Amino acid sequence: MNITLTFPDGSTRQYNQGVTGLHIAESISHNLARNALGIFVDGVPYDLSTPIRADAHVRIVTFDDDEGKQIFWHSSAHLMAEALEALYPGVKFGIGPAIEQGFYYDVDLPNGVKLSLEDLPNIEAKMKELAQRDVPFQRVEIAWRDAVAYFQQKGDEYKLELLEGLQGQTITFYTQGGFTDLCRGTHVPSTGFLKFPKLLSVAGAYWRGDEKRKMLTRIYGIAFPKKQMLEEFLKQREEAEKRDHRKLGKELELFMITPAIGGGLPVWLPNGTVIRRKLEAFLREEQLKRGYQEVITPHIGNLYLYKTSGHYPYYADSQFPPITLTDETGREEQYLLKPMNCPHHHQIYASKPRSYRDLPVRLAEFGTVYRYEQSGELNGLSRVRGFTQDDAHIYCTEDQLKDEITSTIELTQHVFKTFGMQVTTRLSFRDDNTAKYGGDIALWERAQREIQEVADEIGLEYFIGKGEAAFYGPKIDFIVRDAIGRKWQLGTVQVDYVMPERFQLEYTGADNAKHRPVIIHRAPFGSMERFLSIIIEHYAGNFPFWLAPVQVSVLPITDAQISYATMIAQRLGNAGYRVKLDDRAEKVNRKIAESEQKKIPFALIVGKKEVEQATVSVREHGVGDKGMLRVEEVLELFARLNNV
RNA sequence: GCCAGUGUAGCUCAGCGGUAGAGCAACGGUUUUGUAAACCGUCGGUCGGGGGUUCGAGUCCCUCCACUGGCUCCA
């Protein structure tokens, strides 16, 4: 009997019933058969050895496909597990999935064995040895009871716990060589595919992500089908490390963090401050265009304010403890370093009667907030304990809500577009854990629906993150990656029906009755610190002209040109540019080298020729000699570049 | 906070039981130079803090702190 299989390009072919993915691949091309890792049948992944029994849409995947990589890395995790079992008999296994860049396995090593980085090459060598044997990954279906018996006999309580959640389902085991694991699959045909593994790091990881449970050892790795791909990956990783904002932040003197002030409390150095002020000016201008009003509020606030808002109970363990003052009568007053700006802004809103004619009210502030993050969480400028949000709160009527959400998303996208950043958008909704959230469920559902409607209407590409909402409402979060590929949330737009209720915010409607406004919290950059960390890495420190701390250096070749060079520097400085004159008695090559190292966008070199012809020689950072220009021409060039 | 790793001069790093080193930077000179680093000299460290082992400790052990990679949590 024949079945008809449809391929991704829409073409169809007839096959015998029971044909395997491998046969199909062979029927298409020799090359595909060699590179095929798995087959998707009606969207579900299968091993290449699985017989296909009915008409279906099929897609054969290779390492070039994301799904193929996932299969490859998942199999690599099994291979590593086999190696670990060979080297550390008695090791117990948690979970070992493929991740975006590679795979990991969480393991419980036998009696006090501790793994460090130095052990990894050894495990890696074992993996290569096992890969050389090129044994097949074999799938077997097994009764739940038998699966339990297997792991009981093996003494692996983690797998037994996983099996508890799988009662009543068909259990599958995969075996390669001497190693058998509980696994849904899919896997590559044989270990011979996995010839080029690289183990990257060891880390602790709580079993099932629960900090009350045992900490297992997590080993991260990656693997490639070709040696060249592995080398390319390692090279890219090295390059990425050079962009690390902590490294560049030090080299370019943008910021510092010192225990003398406090961990996670970054200090903006003069160069970094130039960038920050430019970013603020850029956003301030965009906000003024969009009808925002700027406000300034204090860094601390009465604790009562945060009890009213609900921040205090929800974020109690991530706040600096309250400051408690006692007066002579013994009365206590408590103040909190503000973890958020919103309650302060709500007080501004509530400070006078509001009419529907005044709405929307848009209050913006570069507001510094403090959160007591766990010490192990601190990370350069990306994760800190004191940071400044480019915060704003929009108070509007329900009728205005959609337009306001749309316009805030538009602003956020404008920001990311300006910097040419790749962002992914997450609609952060609530999950079923009611304890995590405040407010009425009906209002939540409405807010979530409205957010999604707007996102659909403006054609936003997004995914939904359940359980990612703030306690007071759902969010739209804009997420970017740093140089090493870690994801960070930057911009955010949040809809809030809870705070207006808690703070009893009102406006008088056209009907002369009191109504509750809706609040949108939004921050396009997210935090100035985190945003700086990302743009440092995004530009690898080569900031665009308008942002560069020093925009142009003027380099006289000999002392004879110092007065001319000074005149040039003054002219540029008077025109508003950030200029550095290098009048040291150094060779021009040296001056150029340093200008390049500091990543200054332009160097203007002036020697005898330039003085005689009243010109400068322009050298562009990273590009090289652009030839001689008159100062007027340089000013024109800079004026063009200085626009955001 | 937890697991693992790392802390040596302002920076990048060597030294891993036997009297603290290099390059760069800084400082003092010499050099007047044409598109990525001139030359000579000088200064600079209770080797993260504390405790221990030892005749002797950057070097071994314990402890605390900071940082790095993860985990839980979040902008």
Side-chain angles (χ1 to χ4, degrees), chain A residues 104 106 109 114-119 200-220 241 244 246-247 250-251 253 257-260 262-264 315 317-318 339-341 369 371-385 387-391 428 468 470 475 477-479 484 486 488-492 494 521 523-531 533-534 555-562 584-598 603-610 617-627:
Chain A
Y104 67 79
D106 284 347
L109 291 156
K114 286 184 177 176
L115 276 193
S116 75
L117 230 48
E118 286 131 47
D119 301 308
L200 300 169
S201 64
V202 228
Y206 299 107
W207 171 232
R208 310 215 114 177
D210 183 346
E211 61 184 305
K212 288 177 194 70
R213 306 199 63 178
K214 183 160 183 177
M215 181 163 271
L216 306 179
T217 304
R218 176 171 295 182
I219 306 167
Y220 283 93
E241 277 162 19
D244 190 311
R246 291 164 299 195
K247 189 174 154 65
K250 191 182 271 184
E251 285 170 10
E253 296 183 33
I257 296 171
T258 164
Y315 290 124
D317 54 354
S318 61
M340 289 192 161
N341 300 303
V369 297
R371 301 183 186 170
Y372 192 80
E373 302 291 351
Q374 299 189 90
S375 61
E377 277 303 333
L378 301 176
N379 184 290
L381 287 182
S382 313
R383 194 62 184 279
V384 294
R385 285 178 174 161
F387 58 98
T388 301
Q389 296 178 315
D390 54 327
D391 213 354
S428 301
E468 302 285 352
K475 310 187 284 174
D477 291 320
F478 299 89
I479 297 163
I484 325 174
R486 286 180 295 209
W488 298 99
Q489 181 192 319
L490 291 182
T492 181
Q494 316 179 352
H521 308 240
F525 290 143
S527 94
M528 301 311 292
E529 285 75 8
R530 186 175 285 179
F531 195 80
S533 80
I534 292 291
L555 315 180
I557 290 175
T558 75
D559 287 359
Q561 290 88 41
I562 287 183
R584 295 172 305 167
E586 292 288 352
K587 295 183 79 167
V588 71
N589 275 348
R590 172 61 169 268
K591 296 181 182 180
I592 289 168
E594 286 182 18
S595 184
E596 290 285 348
Q597 278 158 9
K598 289 178 188 152
L604 303 182
I605 296 151
V606 295
K608 206 171 156 205
K609 275 184 287 183
E610 287 78 5
S617 278
V618 179
R619 183 188 165 101
E620 190 176 352
H621 169 57
V623 177
D625 193 353
K626 305 277 280 182

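Quantities reported herein were computed from a predicted structural model and do not represent experimental measurements. Residue numbers begin at 1 in each chain, while the letters A, B, ... track the order of the sequences.
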Grab the [atom1]-[atom2] distance between [X] and [N] for me, whole Å please.
X: A:D106; N: B:rC2; atom1: CG; atom2: C1'; answer: 14 Å
X: A:E594; N: B:rC24; atom1: CD; atom2: C1'; answer: 11 Å
X: A:D210; N: B:rC2; atom1: CG; atom2: P; answer: 16 Å
X: A:R385; N: B:rC74; atom1: CZ; atom2: C1'; answer: 13 Å
X: A:M215; N: B:rC3; atom1: CE; atom2: C1'; answer: 5 Å
X: A:K212; N: B:rC73; atom1: NZ; atom2: C1'; answer: 12 Å
X: A:E251; N: B:rC24; atom1: CD; atom2: P; answer: 17 Å
X: A:D477; N: B:rA75; atom1: CG; atom2: C1'; answer: 9 Å

Quick check: do [X] and [Y] have side-chain heavy atoms less than 4.5 Å from each other?
X: A:Q489; Y: A:K475; answer: yes
X: A:T388; Y: A:E529; answer: yes
X: A:K598; Y: A:E253; answer: no
X: A:E610; Y: A:L604; answer: no
X: A:I557; Y: A:K608; answer: no
X: A:P339; Y: A:V369; answer: no
X: A:S375; Y: A:R385; answer: yes
X: A:H521; Y: A:Q389; answer: no

Distance, [atom1] atom - from [M] to [N], rounded to whole angstrom:
N: B:rG15; M: B:rG69; atom1: P; result: 24 Å
N: B:rC16; M: B:rU33; atom1: P; result: 48 Å
N: B:rG23; M: B:rU68; atom1: C1'; result: 25 Å
N: B:rG1; M: B:rC61; atom1: C1'; result: 26 Å
N: B:rG41; M: B:rA36; atom1: C1'; result: 26 Å
N: B:rC39; M: B:rU32; atom1: P; result: 15 Å
N: B:rU6; M: B:rG48; atom1: C1'; result: 11 Å
N: B:rG10; M: B:rC47; atom1: P; result: 12 Å

Point to revise | Distance-only donor-acceptor test, A:Y206 side-chain atoms vs B:rG1 base atoms, 3.5 Å | key: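 Answer is yes: a donor-acceptor pair is held.
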
Practice item. Spell out yes or no: do the side chain of A:E610 and the base of B:rG34 have one donor N/O and one acceptor N/O closer than 3.5 Å? Key: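 When only heavy-atom distances are counted, A:E610 does reach the base of B:rG34 through a donor-acceptor pair under 3.5 Å.
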
Under 4.0 Å from OP1 or OP2 of [N]: is there any side-chain N or O of [X] that close?
X: A:R246; N: B:rG69; answer: yes
X: A:Q489; N: B:rA75; answer: yes
X: A:N379; N: B:rG69; answer: yes
X: A:R590; N: B:rA25; answer: yes
X: A:R213; N: B:rC2; answer: no

For [N], which nucleotide is its Watson-Crick or G-U wobble mate, given both distances must be under 3.5 Å?
N: B:rG23; result: B:rC11
N: B:rU6; result: B:rA66
N: B:rG56; result: none
N: B:rU46; result: none
N: B:rC71; result: B:rG1
N: B:rU30; result: B:rA38

Review point. For the side chain of A:E596 and the backbone of A:A593, is there at least one donor-acceptor N/O pair under 3.5 Å apart?
Key: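 Checking the backbone N and O of A:A593 against the side chain of A:E596, no donor-acceptor pair under 3.5 Å is found.
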
Check your understanding: Does A:P556 offer a backbone N or O that forms a donor-acceptor pair with the side chain of A:K591 under 3.5 Å?
Key ->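 Pair found, side chain donor or acceptor close to backbone of A:P556.
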
Restricting to nitrogen or oxygen on both sides, can you table the protein-nucleotides 48-51 of chain B pairs closer than 3.5 Å?
none

Review point. When you check the gap from the basic side-chain N to the acidic O, do A:D210 and A:R208 get nearer than 4.0 Å?
Key: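 No, A:D210 and A:R208 are not salt-bridged.
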
Nearest to the side chain of [X] - [options]?
X: A:I484; options: B:rA75, B:rG69, B:rU35; value: B:rG69
X: A:R218; options: B:rA75, B:rA36, B:rC71; value: B:rC71
X: A:E373; options: B:rC73, B:rG70, B:rA37; value: B:rC73
X: A:K608; options: B:rG70, B:rG34, B:rC73; value: B:rG34

Review point. Closest nucleotide of RNA chain B for A:I592 versus for A:S382: which of these residues is on the 5' side?
Key: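 Its nearest nucleotide being more 5', the pick is A:I592.
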
Exercise for review: Tell me which of A:Q389 and A:Y372 sits closer to the 5' end of RNA chain B, going by the nucleotide each one is nearest to.
Suggested key: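 Residue closer to the 5' terminus by nearest nucleotide: A:Y372.
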
Check your understanding: Checking ring pair (Phe, Tyr, Trp, His ring centres under 6.0 Å) against A:F525, which of A:F387, A:F531, A:W488 comes through?
Key ->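 Among A:F387, A:F531, A:W488, the one meeting ring pair (Phe, Tyr, Trp, His ring centres under 6.0 Å) with A:F525 is A:F531.
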
Point to revise | Over 12 non-hydrogen atoms of neighbours within 6.0 angstrom of CD in A:E251 | key: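 Correct, the count exceeds 12.
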
Check your understanding: Atom CD of A:Q374 and atom CD of A:E211: how far apart are they, to the nearest 0.5 Å?
Key ->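 Taking CD in A:Q374 and CD in A:E211, the distance rounds to 6.0 Å.
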
Got a list of protein N/O to nucleotides 31-33 of chain B N/O distances below 3.5 Å?
residue, atom, partner, partner atom, Å
B:rU32, O2, A:D559, N, 3.0
B:rU32, N3, A:D559, OD1, 3.2
B:rU32, N3, A:D559, OD2, 2.8
B:rU32, O4, A:D559, OD2, 2.9
B:rU33, O4, A:A585, O, 3.2

Practice item. Have a look at A:S375 and say if it touches a base, only the backbone sugar-phosphate, or nothing, with a 4.0 Å heavy-atom cut-off. Key: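 A:S375: base contact, heavy atoms under 4.0 Å.
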
**Study point:** Contact summary for A:S527 and A:D390, nearest pair of heavy atoms
**Key:**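 Residues A:S527 and A:D390, closest heavy atoms: N-OD1, 4.3 Å.
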
Check your understanding: A:F387 on top of B:rA75's base, within under 5.5 Å and under 30°?
Key ->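 A stacking contact exists, since A:F387 sits close and nearly parallel to the base ring of B:rA75.
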
Point to revise | Syn or anti for B:rG58 (syn when the glycosidic angle lies within 90° of 0) | key: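 Syn, angle within 90° of zero.
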
Just the atom pairs and distances: protein N or O near nucleotides 4-15 of chain B's N or O, under 3.5 Å.
residue, atom, partner, partner atom, Å
B:rA4, OP1, A:K114, NZ, 2.8

